[in-house]
Amino acid sequence: MTVYSPPKARVAALFAAAVRHVAPDQAPAIELERPKQESHGDFACNVAMPLGKQLRRNPREVAAEIVAAMPASDLVDRVEIAGPGFINVFLRAQVWREVPAAVLRAGGGFGRVDLGRGEKLQIEFVSANPTGPLHVGHGRGAAYGASLANVLAHAGYDVKREFYVNDAGRQMDILALSTWLRYLALCGEIVPFPANAYQGGYVGTMADGIYALHGERYRRTAADVQAGVPPADEDAEAHLDALIANAKRLLGADYAYLHGYALEEQLGDCRNDLTEFGVCFDTWFSERTLHESGMIERALEQLRKHGHLYTQDGAHWFRSTAFGDEKDRVVQRENGLYTYFAADIAYHLNKFERGFDRVIDVWGADHHGYIPRVKGALAAAGIDAERLVVALVQFAVLYRNGQKASMSTRAGEYVTLRDLRAEVGNDAARFFYVLRKSDQHLDFDLDLAKSQSNDNPVYYIQYAHARICSVLAAWGGVSADLLDADPARLEHPQELALMRRLAEFPDSVAAAARDLAPHIIAYYLRDLAADLHALYNACPFLVDDAPLRDARLCLIDATRAVLSEGLALLGVSAPDKM
RNA sequence: GCCCCCGUAGCUCAGUGGAUAGAGCAUCCCCCUCCUAAGGGGAGGGUCACACGUUCGAUUCGUGUCGGGGGCGCCA
């Protein structure tokens, strides 16, 4: 596939050559910006100002020398020196007129750039505890991670998507216990249901399922279940842990079945939910396999061998303060159990053992304090911590009736991702989530999302796509024939504006990949749609003058292709009609 | 107390070491005999929280103050 060389890159090359001639000993970065004002040209370059500073000369004089030294080019119409030393470049319109055909020849890959050069990159996201349905908070990480992964793949990275399944921890035991207690109630064994167990209705549904499959096989007496359990009002968590211990003792090998049943149900639901949301993973990595395969022990042994572990108060600690953390961290508790952190050390070492050059973890912003210890563990194991990039996503806070809604999974108080998708649709949900910078808090007003679903910017973009499809359908010709259209007929200011915008798409993809910021694509698409709508109102496409008609159809077909390509990066559909 | 994010138009938010800071919503005025009006054109609306510093140039970078949100466990 031919990668289109944008005018910006070609103009930058002209400047680089000129600067080498004017100042052979300096190597200033050539930065071109698209000026806000049309009178400042297609591109403005400020290189004369820092260069003037370095050479201790008047920037405008330096600019004049750069302009004089610029190689001749058929791209450039004229060059002006303005203000304190800007060099404004005005391109010949022909430059932009090449763009629509280049888009169509790229066959849906016009935005592809080779920023990544095939670097092997893993992106891990969502990784929600499989202890209940995904809620709208998880939705943001899912939409962000999936869109980012698409953007990075488009930018030339070899991307693998991974979900880390927390199937080994206490939360899963609490879920198994919660399910069992609901099941026991069906059997007539009434044990008071702890307030800090999982309250959601789905727990009862799983209990029903187990009862339907196995009758009273897992019944134990309420008295046995509560034997020796401290009262909940003294220490609610100890109460829960004692119930779990009793469950494991009373059920023996059957406990694993209940635990596994709850896990499979919730993980299956989660996978199903994400798939419907257009979010797919290459790998679902089980935390339990880290324990069972001895990977945790091996990882800790590796740290111990290099003197990064010590023992105190019966627990084993990682000296993370030696790597910039604010305090040392326990990896193996006094009771012999590994901490979640120990598993995470093994997991991250495993990621790099699998050959990834770079790993991106998408985490909720509440985990920011966790970064130094994980990076510290990598450094302690001799891995460059810079190869792990943690992309923090700020909270999505849900508002209902102007009130902040509770988002506790254990208390069963949340709006599920599934509910949200049903109410506003997958497209609007995907778009809404990435319309904000990831480090910006997202206020997700449910009522607004519902009531204004027709005003959601995603429809504005999809409408542009549908409008073009409608015109092309009315025309009834073959898209490939438009490649031969003479673009010289495109002279209207709105046509030129649209062609310029199309040329920016690869830059937007590159910027979104570089900054891990898929929202850049969303904003680009809105601008592109705006240019299309403006042109739609300014010029008829299906005119009698066939060469003009074909040139315009070529332009809007290219616009359709870029809208479709960009929306696909965000996981949003591009409908033919609305 | 320490750490992270944020503070830009009435509201929700983009944006940039550069020239006259933008969009959507809301308000007001226009535009369908015409390919989808889920659209377009125009108007009003700003001390880019505040102060100091770096710089030829700061809304952008740094420090501090104020304000909002979040996090700091031998939980996961």
Side-chain angles (χ1 to χ4, degrees), chain A residues 31 33-37 39-40 44-46 49-50 52-53 58-59 82-86 88 127-129 131 166 168-174 237 241 287 312-317 326-327 329-344 364-372 392-395 397 404 435-443 445 448 452-464 466-475 494 517 519-520 522-524 526-527 529-530 532-543 549 552-553 556 577-578:
Chain A
E31 284 173 20
E33 58 165 25
R34 189 171 153 182
K36 295 171 192 120
Q37 288 184 74
S39 63
H40 293 155
C45 185
N46 65 1
M49 286 179 275
K53 172 89 175 153
N58 182 329
F86 290 104
N88 295 333
S127 301
N129 281 339
T131 53
N166 297 122
R170 177 168 178 262
Q171 296 302 325
M172 272 308 302
D173 282 325
I174 297 173
E237 298 300 323
D241 286 333
E287 178 189 0
Q312 185 182 313
D313 303 331
H316 297 280
W317 298 70
E326 59 187 13
K327 57 171 288 195
R329 307 291 174 176
V330 171
V331 290
Q332 190 173 14
R333 293 195 282 266
E334 197 175 355
N335 61 13
L337 294 177
Y338 294 115
T339 60
Y340 179 86
F341 177 45
D344 238 4
D366 54 330
H367 286 70
H368 85 268
Y370 200 72
I371 297 172
L392 291 180
V393 178
Q394 291 292 324
F395 270 24
V397 181
K404 195 167 161 183
L435 196 54
R436 202 119 307 166
K437 264 189 312 197
S438 59
D439 55 9
Q440 180 84 249
H441 289 270
L442 173 62
D443 291 339
D445 187 324
L448 196 71
Q452 294 200 338
S453 61
N454 276 357
D455 295 329
N456 192 305
V458 72
Y459 295 106
Y460 181 81
I461 297 166
Q462 290 180 317
Y463 182 49
R467 269 185 147 178
I468 296 169
C469 290
S470 172
V471 173
L472 293 174
W475 167 57
Q494 300 289 3
H519 78 276
I520 289 174
Y523 279 91
Y524 169 79
R526 207 191 50 186
D527 289 342
L532 183 279
H533 287 308
L535 177 62
Y536 189 98
N537 279 275
C539 299
F541 303 125
L542 299 175
V543 291
R549 178 199 67 198
R552 285 181 174 164
L553 290 177
I556 65 168
K577 52 180 72 140
M578 290 175 67

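Proteins come first, then strands; the chains are lettered A, B, ... in the order of their sequence lines, and each starts at number 1.
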Is the phosphate of [N], meaning OP1 or OP2, less than 4.0 Å from a side-chain N or O of [X]?
| X | N | answer |
| --- | --- | --- |
| Arg436(A) | C13(B) | yes |
| Arg333(A) | A76(B) | yes |
| Lys437(A) | C5(B) | no |
| Tyr460(A) | G40(B) | yes |
| His533(A) | A37(B) | no |
| Gln440(A) | A14(B) | yes |
| Ser470(A) | U36(B) | yes |
| Lys36(A) | A19(B) | yes |

Could you measure between the two [atom1] atoms, the one in [N] and the one in [M], and give it in whole Å?
| N | M | atom1 | value |
| --- | --- | --- | --- |
| U33(B) | A38(B) | P | 15 Å |
| G68(B) | G73(B) | C1' | 27 Å |
| C52(B) | C11(B) | P | 26 Å |

Nearest-angstrom distance from the residue atom [atom1] of [X] to [atom2] of [N]:
| X | N | atom1 | atom2 | answer |
| --- | --- | --- | --- | --- |
| Asn537(A) | A37(B) | CG | C1' | 8 Å |
| Gln462(A) | A38(B) | CD | P | 15 Å |
| Gln494(A) | C35(B) | CD | C1' | 17 Å |

Would you indicate what His367(A) reaches in the nucleic acid, counting non-hydrogen atoms under 4.0 angstrom: base, sugar-phosphate, or nothing?
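Base contact - His367(A) has a heavy atom under 4.0 Å of at least one base atom.
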
With a 3.5 Å cut-off and heavy atoms only, can you find an N or O donor on one side and an acceptor on the other between the side chain of [X] and the base of [N]?
| X | N | result |
| --- | --- | --- |
| Asp366(A) | G70(B) | no |
| Asp527(A) | A14(B) | no |
| His441(A) | C6(B) | no |

Quiz: residues 336-343 of chain A side-chain donor-acceptor pairs under 3.5 angstrom, not counting sequence neighbours:
from: Thr339(A); atom 1: OG1; to: Val330(A); atom 2: O; distance (Å): 3.1
from: Thr339(A); atom 1: OG1; to: Val331(A); atom 2: O; distance (Å): 3.4
from: Thr339(A); atom 1: OG1; to: Phe341(A); atom 2: N; distance (Å): 3.4
from: Thr339(A); atom 1: OG1; to: Ala342(A); atom 2: N; distance (Å): 3.2
from: Tyr340(A); atom 1: OH; to: Asn166(A); atom 2: ND2; distance (Å): 3.3

Kindly confirm whether the side-chain ring of Tyr463(A) is stacked on the base of U36(B), judged by centres under 5.5 Å and planes under 30°.
no

Side-chain (His533(A)) to main-chain (Tyr463(A)) donor-acceptor, under 3.5 angstrom
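It does not hold such a pair.
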
